[in-house]
Amino acid sequence: MNKQVESPKGRIIKSRHVKLGTKNKKGQTFTDVNEMFFEAERTASFLTGSEVIREAIKRASVGMSIAYPITPQSEAAALIGELYAEGYLDDYFRGESEFAVMSQCAGAAFGGMRVFTTTAGPGTLRAMENFSMWAGSRLPIQVCVTMRGVNSPLSIQPDTLELSYLLESGMLLWHAETAQDLYDFILKGFIVAEQPDVHLPIAVCCDGFFVTHTKDTVELTPEDLCLTPYDPYKSPVPCMDMECPPIRMMRDPFVMKSNYISYSTHASWQQEVRAAIERSRKHTAALIGGLIDVENNDRDILIVSSGTAVSQGREAIRLLEEEGIKVGLVKIKTIRPFPHEEVREAVKNAKHIFVPEFNMAGWLAREIKSVINDNDRVICGPQVAGGMTLPSEVIVEEIKKYLGIKVGSLAGRGS
Amino acid sequence: MSQYQVKAGPEAFLAPAAASMGIVLPDPGEAHIEGRIVPEEEAYEYAARKFLEAKVPTIFPGPLVLWKWNENAAAKAAAIRKLAEAIPARLIPMADYRPKYPKIEPAVEINPNHPNLTIWYNKIDVCIFVGVHCHQANLALKIIRGGTDCYTMAMCAQAGHEDACLSFRDATVEKIQKLQEAVEKLKKQGVKSQAIPFEQFKTACTGQVA
Amino acid sequence: MLKRMNIRISGLGGQGAVTAAHILAMAANKDGRFSISNPFFGAEKRMAPAESYVRIGMEKIYDRGELVYPDVIMVFHPQVITQQKSYTAPFYSGIKENGLVIINTSVDLLSEEDHQRLADLNVAVFNCDATKLAMEIGGTELSTNMAMIGACAGVTRIVTLEALDKALQDRFGKKYVASGGTATLDEAIKKKYAKKEMLLKKNMDTIIKSYELATAWADEVQPAMAGAGV
Amino acid sequence: MSKEKIQLCDDLSDIMPPEYQDLVATATFGNEERGWKDIGSSKELIEQHSLCAGCPESIAFRYILSSIPSPEDTVFVGSTGCTSLVFPHVAVQNIHSLFGNQNAVASGLHRALKCRFPDRNKDVIVLAGDGATVDIGLDCTMQSWFRGEKFTTICFDNELYANTGGQESGLMQKGFVSKMAPVGKQFDKVRLPEIAREAGCKYVAMLTVSKPNRVEKAIKNAVYIARELGPTYVQLYTPCILEIGKQSMEGLDEMKDAESIGGRFVMKEYITDDAKELLADMEAEKKAKKKAAKAGK
């Protein structure tokens, strides 16, 4: 039902924030996001993903961040602490668990601040009850999820299964492929999440270690430019600071017949959260250049994926190209909203659609299957999990096997 | 393009959110009429005509314009009053958003949790929301579209409401005045208000006084 | 040069395998090449297996994560082989044809079978006594990773000495963000030298010496990887 | 929000529901001397509540809401339970959020308000039941005290889970037979006031709500001390008459029994030395002001 949204000007609506052009206490200039991303010059830096998170937050005019250690996000959370010590944030502390941290984030957001936090794996699951509460309460908190294994036995290794738990939380879910994506998504994520018509929490997800602990080249925006601060009085729900009406305000009350109102209010409330996700399409498409990226989708074979699996797919396409096998690519950037129309359109001529994933559930393949026709075109895989890497050679093997081309065994690690 | 139109109801047991049916909000300088993006100017005239054709045109001012929490709010309240007089339309406040105990008085208030009660009770056929927080306005608009035949409009200070049959965005005092001018212009052209004669109720600390 | 050189470093926790990967990648970056480095993802433990990866290439690199099919394998500690302290067993599994193995050892650690398998794949084995070099020149075994970097660069020429010098400056000269264990070792090596300049010089000297020895070895043995990075 | 801000727009005030006109005209916003005796006129209180008839919680609500020193700058954080049925009817903003995370939400909230309004007293008050405070939320409750978060925690102790139908809670007395304690509760009532003291609370009080002046004093002490020094905790016995088989009229007697000598709720108060000093200073200041006012006349 969702139409593909295009922004006519290729830009997000310009900020009308009163602080535009003035400087913050660190001497950074509050800058319209269009100017920051489409006009300002960028500098290449060689950084780990964790450092990239710090660099993004340094420019994000974040009010408060709350931390709790869990591998692989600990480094990023600690680096944000350093930013606090340097005066870039108003407040920062370590909470007692992810459940508490996400509630503390909620408190700060209820109080009208821009809030950022990070978590991963079991932390995401422990925090889970809060994510739906954030969405229902329309709190535009950003959590960076550096995904890792969540299942027993314990694994701290990369695995994207946790994203499937977040699918129906009501949050915006963006999936970064690289450190560059991570940088851009964090900054742009605040802008989209805080639009008055969206105003929802956002999880900017990346594959733990593959992005957080890898040193890669990232183009940074100028250090002396920062986002305009959050304006709590543009919120679609009253800020809880006793500074705005109505005075008699409960966020967010039981909405059920036992307190004398119809269930349809609750249903409408849930519809409204989903509607807000839909509204984010327009802003997101303008800021991150569409919800998907497409390369050579006129080819018979396509790799369609998100996150690090896209990178592995790109390498596989190179290897296949050397052997004369031509494969196209669709990179999905936003999981919620899911780019239904975009994906349907991009894969309409494909005969085989491969969906490599770093999890055993194959949730992305399932999402894709649910929106395209002739969904037996979708080959769910290759899938790895629990920290296993997904060598491009394995994707090559999968595709060749499917095409009936003889392949050497990659099992046994070549010994 | 979406084929969906945001029409007056009653639409369904649970009407869908217009955004989920592919309706997109207007950009600055634009408005929407039933989901169709139009220049703002067109919407003023359309809204004015809707008001004048209505039997029970009603304005629902919300907390953001009922409380004098800043000077702008006071100015908007003044403009809303004038608009109501120009049409003429009833004013029924949405004083807050709480689940009110034990019940609301549908003749003199509207509540976002069951706005249909007020629509039904007063037989309101055209209404406009102004000064209501967007989330609460959207709840009310969906419920109204679901269960009543009321034509809904919104004068939104932010990005607008696709759940209304007609919506303005970035509302200011001037925009409220422009709507009033559009009403007056139509009247000058000979369009007569079809409103059933009514007396605006008045309240005081002690209760309803008129 | 090769379109891409994939280097796998197997060592033990505390030997600087992760730092070595970062420095090699940073140096390649300074040489104007594309590079990515990352550690293997384990809970940090001293003397437990630790692995890191460097990918260097002429075009943008997307591939990341554990390196299963390397061109070059560096073994930082004999225990990687003798105690099987590696994530992949045998330690050379996945090595590509015409590849290179550099082992920090003074004696041959490989079995007949190992030698045969590597020979079948035309993989050259360079035994480099990196810890000894580190003690002699750097004055601390903490510089073992420097000697190993030098050996890799000396054989393959995948990075220049100038770029390595700049990468060292970046890594130890400025404020650097390191995770727990690495940060502690950084402090240890900084304490070892009275001055930062001294630390940088001794480490660079170790790299240079090792580089020279490796180049000489490569000229003599002429493995497939010799100069492959030029 | 200052009292001046709690005003209606002139052009629309004559259509506002009467309770709001009444609120603006007669509420005690901005009056630091307000107390339980203002219950008749302080319209920031509930005009109608949705609790069981005769529920002592409703009395507690009235006493608390009339005693907080600046309702115009206070935000409550609640939790799931009977209390959250009352909050929609209170003219002070409040947050429901989840069950058991109230002290965590309050930690974030009061810090945010401190950052945004550094020169103002913005009081954050947690008000939750014993299940939320002591059982599911104990971690969040205590950790906020360890961190020294400057806000007040009020626990409505009805010694069971009332809203879900009378199940055993940590504050239930030993031996009491209830749902989920079919052979009687097996362990003692959790000594949260003592735990609070050890966990860093600057002021702790445990009492019933039978005597309004006592409640007023405890709430005021708690709020003032939290503003300046650190966390404070007030535990109020608000028996669930429904679940302990009492009639609507018997709530007060139940509380009086519980607070008499040897009862579970004999009033307890712990005040740290610095908090005592603060209260003494405030008292002295108040006296001096009164004296000056008298002299001025």
Side-chain angles (χ1 to χ4, degrees), chain A residues 63-66 89-115 117 127-134 136-137 139 141 229-230 232 238-256 258-261, chain D residues 1-2 5-6 8 19-20 23-24 27 29 44 50 70-78 80 84-118 122-124 137 139-140 142-144 146-147 149:
Chain A
M64 199 186 302
S65 184
I66 301 152
L89 280 81
D90 296 321
D91 205 351
Y92 169 93
F93 67 103
R94 174 200 55 80
E96 58 267 38
S97 72
E98 288 86 358
F99 174 77
V101 164
M102 301 312 159
S103 298
Q104 285 147 357
C105 287
F110 276 124
M113 284 195 120
R114 179 175 289 161
V115 186
T117 189
M128 192 62 78
E129 189 184 5
N130 286 275
F131 296 138
S132 297
M133 179 267 284
W134 287 2
S137 300
L139 301 172
I141 300 162
Y230 172 61
C239 178
M240 300 309 281
D241 58 3
M242 279 303 274
E243 294 289 327
C244 73
I247 302 309
R248 199 179 297 240
M249 182 63 205
M250 183 178 192
R251 292 272 306 270
D252 295 279
F254 294 6
V255 174
M256 47 196 182
S258 68
N259 49 336
Y260 327 108
I261 55 177
Chain D
M1 189 181 260
S2 60
K5 258 187 168 176
I6 303 182
L8 301 174
E19 67 260 33
Y20 281 108
L23 178 79
V24 170
F29 292 121
E44 45 277 68
S50 42
S70 39
E72 68 280 8
D73 271 318
T74 300
V75 184
F76 276 91
V77 179
T80 312
S84 38
L85 295 174
V86 179
F87 272 123
H89 317 296
V90 171
V92 175
Q93 289 185 343
N94 58 86
I95 296 168
H96 165 243
S97 190
L98 302 173
F99 188 48
N101 69 340
Q102 59 281 347
N103 281 52
V105 171
S107 297
L109 177 66
H110 98 92
R111 283 165 180 261
L113 297 179
K114 197 78 220 158
C115 293
R116 290 188 57 221
F117 307 98
K122 287 270 179 191
D123 298 323
V124 170
D139 187 19
C140 293
M142 283 183 55
Q143 295 273 0
S144 75
F146 295 157
R147 283 194 302 269
E149 304 277 1

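We name chains A, B, ... by the order of the sequence lines, and we start the count at 1 in each one. Keep in mind that this is a model prediction, so the values were computed, not measured.
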From CZ (D:Phe76) to CE (A:Met250), nearest 0.5 Å
12.0 Å
Minimal non-hydrogen separation, D:Phe99 against A:Phe99, with atom names
O-CZ, 4.4 Å
Checking heavy atoms, do the side chain of A:Pro246, its backbone, both or neither come under 4.5 Å from chain D?
backbone
Looking only at heavy atoms, what is the nearest atom pair of D:Ile95 and A:Met240, with distance?
CG1-CG, 3.8 Å
Does NZ or CZ of D:Arg147 fall inside the cone over A:Phe93's six-membered ring, less than 6.0 Å from its centre and within 45° of the axis?
no
Give the member of D:Leu109, D:Val124, D:Asn94, D:Asp139 that has the highest number of heavy-atom pairs under 4.5 Å with chain A.
D:Asn94
Check whether D:Arg116 reaches the backbone of A:Met113 with its side chain - one donor and one acceptor, N or O, closer than 3.5 Å.
no
Using atom types as modelled and distance alone, determine if a side-chain donor or acceptor of A:Arg248 lies under 3.5 Å from a backbone N or O of D:Pro88.
no
Shortest non-hydrogen contact from D:Cys115 to A:Asp90?
SG-CB, 3.6 Å
Interface moiety of A:Met64 toward chain D, non-hydrogen atoms closer than 4.5 Å
side chain
Toward chain A, the part of D:Tyr20 with a non-hydrogen atom under 4.5 Å:
side chain
Which portion of D:Thr80 sits near chain A, non-hydrogen atoms under 4.5 angstrom
both
Closest heavy-atom pair and its distance - D:Asn101, A:Ser103:
ND2-OG, 2.9 Å
Distance in Å, A:Cys239 SG paired with D:Leu113 CG, rounded so as to fall on 0.5 Å steps:
7.5 Å
Under 4.5 Å, counting heavy-atom pairs only, tell me which of A:Arg94, A:Met102, A:Glu129 racks up the most with chain D.
A:Glu129
Smallest separation among heavy atoms of D:Cys140 and A:Glu96, with atom names
CA-OE2, 3.3 Å
Is chain D contacted by the side chain of A:Asp252, its backbone, both, or neither, given a heavy-atom distance below 4.5 Å?
backbone
Verdict with supporting geometry, D:Val77 and A:Phe110, side-chain contact (heavy atoms from CB on, under 4.5 Å)
CA-CA 11 Å; D:Val77 179; A:Phe110 276 124; over 6 Å; no
From the list A:Ala106, A:Gly95, A:Ala100, A:Gly63, the residue making the most non-hydrogen contacts under 4.5 Å with chain D is A:Ala100
Search all heavy atoms of A:Met133 against all heavy atoms of D:Ser97 and return the closest pair with its distance.
CE-OG, 3.2 Å
Side-chain touch A:Glu243/D:Phe117, heavy atoms, less than 4.5 angstrom
yes
Quick one: of D:Gln102, D:Lys114, D:Arg111, D:Gln143, who has the most non-hydrogen atom pairs under 4.5 Å with chain A?
D:Arg111
Is it the case that the side chain of D:Gln93 and the backbone of A:Met249 share a donor-acceptor pair, with hydrogens and angles ignored and the cut-off at 3.5 Å?
no
